[in-house]
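Please read all numbers here as calculations on a predicted model, not as lab measurements.
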Amino acid sequence: MGDTVDKAKGRLKEIAGKITGHERLEAEGKTDQMKVKIREKAASVRRWAEGIRDSLKRDH
């Protein structure tokens with residue numbers, strides 16, 4: 001749930017920055033959202049690698 005909250009916060013920052021014309025706030029919001037996407041991808045790769053490892057263990 002933490003990633004969902006962080007993604008929402010980032011989106012709100014981005015929107016607030018657009019509305020107010022505050023470029024830095026908008027950029028921070030986009031950066032926060034990108035951090036979440038990177039964490040999600042890293043977790044996906046980790047699960048994929050663990051699946052391969054487990055598959056190899058079963059074969060031996």
| message | For a 4.5 angstrom cut-off between non-hydrogen side-chain atoms, does Lys9 reach Asp32? | response | no
| field | Spacing of CD1 belonging to Ile38 relative to NZ belonging to Lys41, to within rounding of 0.5 Å | value | 11.0 Å
| Got more than 12 heavy atoms from elsewhere within 6.0 Å of CZ, Arg24? | no
| request: Report yes or no: does Thr20 contribute a side-chain atom to a donor-acceptor pair with the main-chain N or O of Ala16 at less than 3.5 Å? | output: yes
| request: Among Lys13, Arg39, Lys37, find the one that has a salt bridge (charged side-chain N to carboxylate O under 4.0 Å, His left out) with Asp6. | output: Arg39
| field | Other residues, nucleotides, ligands: >12 heavy atoms within 6.0 Å of Glu50 CD | value | yes
| Ionic contact status for Glu14 with Arg11, cut-off 4.0 Å | yes
| Roughly how far apart are Arg58 CZ and Arg53 CZ, rounded to 0.5 Å? | 11.0 Å
| request: May I ask you to decide whether Lys7 forms a salt bridge with Glu40, counting only side-chain N to carboxylate O separations under 4.0 Å? | output: yes
| field | CD1 on Ile19 to CG on Leu25, rounded to 0.5 Å | value | 10.0 Å
| Glu26: partners by salt bridge (Lys or Arg N to Asp or Glu O under 4.0 Å), with sequence neighbours left out | Lys30
